[in-house]
Amino acid sequence: MNQLKFISGTKEEMPAKYLDQLFALMLANYKEILKSDPPEVEFYKKRWTLGTSSDREQIFVLVLNQDDKVLGYGDSSWNIKYDNLDKAWFWVHIAKDERRKGFGKRTLKEILEKLPPQITGIVTEVFGETDGVPFVESLHMKKNYTEVLSRSDLTKFDPEEVKKESRKLKQQTLEKGYDIIYIDNMNHVLHLDFVKYVEMAQEIWNDMPLEELTYEDEILSVDRYQEMIQRQVLAGNHIMSFVAIHKETNEIAGVTVTYINEHQTKIAHQQDTGVVRAHRGKGLGLALKYQLLEKLLFETKAVKWQTGNAGSNEHMLRINNILNHKPFTDVPVYEGSRSDLLKRL
């Protein structure tokens, strides 16, 4: 039987000699849960170098056997500013041939014991049809939300037909009193009132369905949002945003954002899409997404367009259906009590 050793602590406390093994497990983890080829290993190296944002803290756990082989890892992060300061998110991955030996629960226990005292709530997610499902269900956490992940095959679109539809939808929004502008990476301040943009983003974030999750509303300051964008760019992401603006009032009405990482150029990852309540019912969501689709087809190497939405978000799921997004997995999100979990472990 393996004599396990656990190394836990911050990123800086993880011995560099184990990092190549850790990154290999991260690659395997991605392929298992997302059912597609992972980004290049340079992506994980770059993300490790960047570390976490200034408003969060993070710890890691490495699981090693007596031969110094990394059998698995866990990590946890939590907010130290703004909102939801009592919750921590965790993830555990054990190499496939080392599972069902209790290593996952021992890793989780190491994580829970390392968290600061203010953390009372624990959150995790699992990906459908993976070993994570029975693992998390054995913890008796409550499933409070389900994300639906879907992909659209960009090679199936006729680019000229998409361009035609994109231009038609844009013209319709112009006739309804809206402009649609494009923003590349961090150039918001060159095109619009960035403070108002962040306020719009916060409204959209907090208007997304939470189902039964017990999250507080997120506080999105200019500094917080700007750091988020900066970190994404430093991680090798090209961020493409289309924004709808009401011409008469200059109000920012809606947005759609997608990024492509330089170490995974064939997959476009959808981030936010939303229209503030006061401007809904004008077809802005679909018009914005079509501008983005046109850009992906004509200006990128992406062949897949991946997105995720709450299973209860019928409006956005309808738009995804129009854009040929096909669901490929569900991602349930579970919440539990830290103290209860420790008792079970």
Side-chain angles (χ1 to χ4, degrees), residues 34 36 128 145-183 197 200-211 213 239-246 251-260 267-300 302-333:
L34 287 168
S36 64
Y145 177 90
T146 300
E147 183 97 349
V148 177
L149 295 187
S150 59
R151 290 193 189 107
S152 186
D153 185 344
L154 295 174
T155 67
K156 301 296 185 183
F157 288 97
D158 181 331
E160 293 303 324
E161 286 298 316
V162 168
K163 181 189 289 186
K164 182 179 176 181
E165 184 67 13
S166 171
R167 304 299 164 83
K168 182 185 84 173
L169 291 171
K170 186 173 185 178
Q171 181 59 35
Q172 289 175 355
T173 63
L174 288 170
E175 292 168 0
K176 293 173 183 176
Y178 296 88
D179 279 329
I180 294 180
I181 64 172
Y182 173 69
I183 299 174
Y197 178 88
M200 177 273 303
Q202 177 180 268
E203 181 178 342
I204 287 173
W205 281 18
N206 289 325
D207 202 31
M208 292 179 182
L210 286 178
E211 298 179 355
L213 289 173
I239 309 170
M240 297 163 281
S241 305
F242 283 92
V243 181
I245 298 177
H246 188 236
E251 291 179 0
I252 303 171
V255 66
T256 189
V257 183
T258 285
Y259 70 86
I260 298 175
I267 298 182
H269 296 270
Q270 182 68 35
Q271 288 189 306
D272 297 337
T273 297
V275 176
V276 298
R277 286 185 177 274
H279 297 281
R280 290 179 186 169
K282 308 289 198 312
L284 295 179
L286 183 61
L288 288 165
K289 290 294 283 280
Y290 253 96
Q291 310 313 303
L292 194 44
L293 174 58
E294 180 185 350
K295 191 167 194 69
L296 292 175
L297 293 177
F298 282 93
E299 299 182 28
T300 77
V303 296
K304 299 289 183 184
W305 187 12
Q306 184 169 298
T307 190
N309 302 98
S312 58
N313 193 345
E314 295 179 359
H315 174 71
M316 191 52 62
L317 292 174
R318 281 198 300 271
I319 291 179
N320 288 347
N321 187 54
I322 293 171
L323 296 170
N324 296 329
H325 283 282
K326 307 296 183 187
F328 69 93
T329 193
D330 290 342
V331 186
V333 180

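Throughout, residue positions are numbered sequentially from 1 according to the sequence presented. For the numbers below, each heavy atom of this structure counts, side chains included, while hydrogens, waters and symmetry mates do not.
- The minimum heavy-atom distance between L210 and Y145, with the atom names listed, is O-CD1, 3.5 Å.
- Of all heavy-atom pairs between I260 and A302, the closest is CD1-CB, 3.9 Å.
- Contact of the L296 side chain with the M240 side chain is registered, since non-hydrogen atoms from C-beta on lie closer than 4.5 Å.
- Here the CD-CG distance, from Q172 to L174, works out to 10.0 Å after rounding to the nearest 0.5 Å.
- Two residues are said to be in side-chain contact when any heavy atoms from C-beta on lie closer than 4.5 Å; I181 and I245 meet this criterion.
- The CD atom of Q306 sits 6.0 Å away from the OG atom of S36 when rounded to the nearest 0.5 Å.
- In this structure the side chain of M200 reaches within 4.5 angstrom of the side chain of V255, judged on heavy atoms.
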Checklist entry - Does the side-chain contact (heavy atoms from CB on, under 4.5 Å) test come out yes or no for L169 and L286, once each step is laid out? => result CA-CA 8 Å; L169 291 171; L286 183 61; 4.1 Å; yes
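- Smallest separation of non-hydrogen atoms from T173 and A287: CG2-CB, 3.6 Å.
- Ring geometry, H269 versus Y259: the interplanar angle falls under 30°, so the pair is classed parallel (tilted spans 30 to 60°).
- With F242 as the fixed residue, the side chain to side chain contact (heavy atoms under 4.5 Å, CB included) test singles out one of L292, I183, T258: L292.
- How far CD1 of I180 is from CD of Q171: 10.5 Å, rounded to the nearest 0.5 Å.
- Nearest heavy atoms, R280 versus V275: NE-O, 2.7 Å.
- No side-chain heavy atom of V276 sits less than 4.5 Å from a side-chain heavy atom of E251.
- Separating the OH atom in Y290 from the CD1 atom in I322 is a distance of 7.5 Å, to the nearest 0.5 Å.
- Side-chain atoms of L34 and L149, non-hydrogen and from C-beta on, do get closer than 4.5 Å to each other.
- Between E294 and R167 there is a salt bridge, since at least one side-chain N of the basic residue sits less than 4.0 Å from a carboxylate O of the acidic one.
- Without hydrogens or angle criteria, E147 side chain to D330 main chain gives no donor-acceptor distance under 3.5 Å.
- Taking OG from S150 and CG from L323, the interatomic distance works out to 9.5 Å, rounded to the nearest 0.5 Å.
- Geometric assessment of K163 against the ring of F298 yields a positive cation-pi assignment under the 6.0 Å and 45° thresholds.
- Taking both residues in full, the closest heavy atoms of P327 and V148 are given as CB-CG1, 4.0 Å, listed atom of the first, atom of the second, then distance.
- The backbone N or O of S166 lies less than 3.5 Å from a partner atom in the side chain of Q291, making a donor-acceptor pair.
- Rounding to the nearest 0.5 Å gives a distance of 8.5 Å between NE2 of H325 and CG of N309.
- A salt bridge is defined here as a Lys NZ or Arg NE, NH1 or NH2 lying under 4.0 Å from an Asp or Glu carboxylate O, and E165 with K168 meets this definition.
- Between I204 and T273, the closest heavy-atom pair is CG2-O, 4.4 Å.
- Of the possible donor and acceptor atoms, one in the side chain of K176 sits under 3.5 Å from a partner among the backbone N and O of K282.
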